[in-house]
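What follows is one structure encoded as structure tokens, with my remarks underneath.
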Amino acid sequence: MSSDRRYSGGSLPPSDNPPNSRLFIIAPKALKEEDFRKAFSEFGHLEEVRAVTDRATGENKGVYYIKFSKTSEAARAMESMGGKVLLGTGRAMKIMVASSRDQGSKREENEEEKLQRLFVVVSKNMSDSELYDSFKDFGGIDYAHIIRDRVTKESKGFAYVKFLKFSDAANAFENCDKKFRPVFAEPRKSTKETTSSKPPLMSSPPSYRGEGSYGRASEGGRGRAGDRYERRRSLSPPDRCRDEGYTTLSVIANASVNQDQMWKLFDVVPTMEYCTMRYEGERGSPRPTRAIGEVVYSDPRWAAHAKQKLHGFEYPPGNRLIVRAEQREGGAYGKRPALSVEGGGADLRQIADTIAHASSLIQAAGLSPDLLQKKLGFTTDTKHDEPYCSVELPPSQPMASADADTEARCFIVCQESALSNRVLKDVFCRFGNLIDVYLLSNRNCGYACYASKFSADDAIQTLNGADVMGIRLKVIEAEERPGKRARLDDRSN
DNA sequence: CGACGGGACGC
DNA sequence: CGACGGGACGC
């Protein structure tokens, strides 16, 4: 292929597509390209075999590249041929995955890990063990873990799966369910930081750095970082609220939330006694970055209920509240009566519906604080005006396992404005076997994935045309995903 | 009306 | 024993 050296025109330079499919080999100079073809073609299809020669003398430099069609082929070739002696030349080959052409001979420190670890996208409700089960058949797994928010424990929607062998990782890379969108993970950045400036990460929200201090602020209770912006708008809670029998929740919210809004939101749950708020910001920054609330309930069961319902609630939309039981010595929270708040009594259901209703109004109101306040005020006074849903919904049902196969999908349209994920999940889970439900970003339409066609049909039957919190739903059978590949054995589609 | 998300680890 | 090959066209 020496005439092909220039790779000009339409053909891409021969490189690492698929990733890690090209090998870099150090071997005796006596070996010819043909020797490598013979020795390596048993592992797969060779797209390129090349000996590097000295440009001036034409002499073989003992450096070879071979490119396989598939990563797994390269992996198996490397694992079985590395260290072997070819043709009695007397010296073992050294085989590595070739770096991309621009990297040259630079080597990274965690080179091994780069070949064993996959970075995958997971649906938000998948657990570590479901993830593990989805990958265990491809080979020995070192670990499989989903990355979660340190504070809320919510899945961030991606995960790392590390195998013990490159060839197993390659096997998973090629054969795992496409929904995981696997890529070979970049090795973790080492602790020593390069002095060069790092490029801004588009994907990181500016608030990301703040997360660390969230945890510290609420755990340590020192409140130091926020001194400058601490403007309490009310007196301290009455002493009786500190007594046993009262339960305090800690709330972390977006800085745009004011105390009245938070009060009204938490007051939707009965027995709220008190709500106080302050603001915290970074030193030297002109504006607060978050609001810190303390909400006190006289009945610990309702406090638990408020925590359960409002933790993770998007308020304002796109900003999840973090609600935790305040850690306090001998706190009343831990001593609450054993009565479950999950019992689903009529009053509890009513509250859940009211909160959901508030959610829609908050969403409809956008980010304007005044409007929010008005709408929320309206909400708390008119609980009975509007039902959660215009049609009768079956009771909640557990989600299907997140790694279940999708049997049927519904296409969802929210006619006026988007419903929150929380509400969608609550509504669409009621037909059973729900795997995942989501709206496309910045759109009012999306998909519900079910593990059973029957459930999906049921959802369509019940929900199409229904009103949920004042938003009209269109729910129809989803069209087949364009790029999706059917299983080998059914080609009917 | 509407049609295919999300992406980097804090020991 | 150890990295290919050649040259960047934007506001």
Side-chain angles (χ1 to χ4, degrees), chain A residues 4-8 13-16 22-29 48 50-55 60-67 89-107 110 113 117-124 126 143 145-151 155-162 178-191 201-204 208-209 211-213 215-216 406 409-416 418 421 436-449 472-474 476-484:
Chain A
D4 227 15
R5 288 255 170 87
R6 261 187 263 167
Y7 310 112
S8 55
S15 61
D16 311 326
R22 203 170 60 117
L23 300 179
F24 172 69
I25 303 176
I26 306 299
K29 297 177 167 53
E48 186 201 23
R50 182 150 163 241
V52 177
T53 55
D54 184 286
R55 209 173 157 74
N60 202 328
K61 290 168 79 172
V63 172
Y64 306 84
Y65 288 95
I66 66 177
K67 164 79 174 70
T89 45
R91 192 183 276 164
M93 284 179 288
K94 188 167 181 181
I95 309 183
M96 286 156 287
V97 169
S99 318
S100 76
R101 301 173 79 83
D102 344 305
Q103 315 225 143
S105 58
K106 268 184 307 192
R107 293 179 62 179
N110 292 325
E113 180 165 87
R117 211 166 63 124
L118 299 182
F119 177 61
V120 299
V121 168
V122 296
S123 59
K124 291 290 204 304
M126 179 168 263
Y143 58 75
H145 66 258
I146 290 166
I147 303 304
R148 297 177 183 280
D149 184 285
R150 226 171 87 232
V151 179
S155 165
K156 290 192 172 177
F158 52 84
Y160 293 93
V161 181
K162 187 178 179 193
K178 293 290 175 288
K179 74 184 177 189
F180 289 113
R181 301 169 96 51
V183 295
F184 283 88
E186 285 302 317
R188 256 187 92 131
K189 47 180 178 274
S190 63
T191 51
L201 294 174
M202 273 198 313
S203 53
S204 294
Y208 189 72
R209 290 176 65 84
E211 282 188 5
S213 44
R216 256 180 277 121
T406 296
R409 294 191 312 154
C410 305
F411 179 60
I412 304 165
V413 180
C414 298
Q415 225 83 311
E416 286 297 312
N421 265 344
D436 198 13
V437 55
Y438 60 90
L439 297 183
L440 302 178
S441 49
N442 299 321
R443 298 193 187 216
N444 294 341
C445 59
Y447 298 90
C449 306
R472 190 167 195 79
L473 289 184
K474 177 173 176 176
I476 59 176
E477 193 174 332
E479 285 167 14
E480 184 99 358
R481 180 180 239 124
K484 185 174 177 178

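- By the 4.5 Å heavy-atom criterion applied to side chains, Arg22(A) and Tyr65(A) are counted as neighbours.
- Checking dG6(C), dC9(B), dC4(B) against the side-chain heavy atoms of Tyr438(A) singles out dC4(B) as nearest.
- Across the protein-nucleic acid pair, His145(A) atom NE2 and dA8(B) atom P stand 14 Å apart, rounded to whole Å.
- Taking every side-chain heavy atom of Glu479(A) into account, dA3(B) is the closest of dA3(B), dA3(C), dG2(B).
- Considering only side-chain N and O atoms, Arg150(A) lies nowhere under 4.0 angstrom from the phosphate OP1 or OP2 of dG10(B).
- Ala478(A) comes within contact range of at least one nucleobase, with a heavy-atom separation under 4.0 Å.
- Between Ala92(A) and Lys61(A), the one whose closest nucleotide on DNA chain C sits nearer the 5' end is Ala92(A).
- Note on Ser123(A): every side-chain N or O is 4.0 Å or more away from OP1 and OP2 of dG5(B).
- Separating the CG atom of Leu473(A) from the C1' atom of dC1(B) is a distance of 16 Å, rounded to the nearest angstrom.
- Considering only the side chain of Ile147(A), dG10(B) comes nearest among dG10(B), dG6(B), dC4(C).
- Residue contacts for Ala27(A): at a heavy-atom cut-off of 4.0 Å it reaches no nucleic acid atom on any strand shown.
- Contact annotation: side chain of Asp436(A) to base of dG6(B), donor-acceptor pair absent below 3.5 Å.
- Aromatic stacking of Phe411(A) on dA3(B): satisfied, with centres closer than 5.5 Å and planes within an angle under 30 degrees.
- Between Leu439(A) atom CG and dG6(B) atom P there is a gap of 12 Å when expressed in whole angstrom units.
- Along DNA chain B, the nucleotide closest to Lys474(A) and the one closest to Arg409(A) are compared, and the more 5′ of them pairs with Lys474(A).
- Taking atom CG of Asn60(A) as the reference point, atom C1' of dC4(C) lies 13 Å away to the nearest angstrom.
- Residues Leu473(A) and Cys414(A) have side chains in contact (heavy-atom distance under 4.5 Å, counting atoms from C-beta outward).
- Residue-to-nucleotide contacts include a donor-acceptor pair under 3.5 Å from the side chain of Arg22(A) to the base of dC4(C).
- The shortest side-chain heavy-atom distance between Met126(A) and Phe180(A) falls under the 4.5 Å cut-off.
- For Ile26(A), the side-chain atoms get nearest to dC1(C) when compared with the rest of dG6(C), dA3(C), dC1(C).
- For the pair Lys124(A) NZ and dG6(B) P, the computed distance is 9 Å after rounding to whole Å.
- Every salt bridge (charged side-chain N to carboxylate O under 4.0 Å, His left out) that Lys162(A) has, sequence neighbours left out, goes to Glu113(A), Asp142(A).
- No contact: Ile25(A) has no heavy atom under 4.0 Å from any strand.
- Here Arg443(A) lies in heavy-atom contact (under 4.0 Å) with sugar-phosphate atoms only.
- Rounded to whole angstrom, the span from the OH atom of Tyr64(A) across to the C1' atom of dC1(C) amounts to 11 Å.
- Applying the 5.5 angstrom centroid cut-off and the 30 degree plane-angle cut-off, the aromatic ring of Phe119(A) is stacked upon the base of dA8(B).
- Between Asn60(A) and Lys29(A), the shortest heavy-atom contact is ND2-O, 3.2 Å.
- Going from atom CG of Leu440(A) over to atom P of dG6(B) covers 8 Å, rounded to whole Å.
- Closest to the side chain of Asn444(A), out of dC4(B), dG2(B), dG6(B), is dG2(B).
- If you check dA3(C), dA3(B), dG6(B) against the side chain of Cys445(A), the one that comes closest is dA3(B).
- Environment of CD in Glu477(A): sparse, with no more than 12 heavy atoms of neighbouring residues, nucleotides or ligands closer than 6.0 Å.
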Could you tabulate the donor-acceptor pairs under 3.5 Å formed by side-chain atoms of residues 117-124 of chain A, not counting sequence neighbours?
| residue | atom | partner | partner atom | Å |
| --- | --- | --- | --- | --- |
| Arg117(A) | NH1 | Tyr143(A) | OH | 3.4 |
| Arg117(A) | NH2 | Glu186(A) | O | 3.0 |
| Ser123(A) | OG | Asn125(A) | OD1 | 3.1 |

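- Atom OH in Tyr447(A) sits roughly 12 Å away from atom P in dG2(B) (whole-Å rounding).
- Stacking of the aromatic ring of Phe158(A) onto the base of dA8(B) is not found under the criterion of centres within 5.5 Å and planes under 30°.
- A donor-acceptor contact under 3.5 Å links the side chain of Arg117(A) to the base of dC9(B).
- Considering only the side chain of Tyr65(A), dA3(C) comes nearest among dG10(B), dA3(C), dA3(B).
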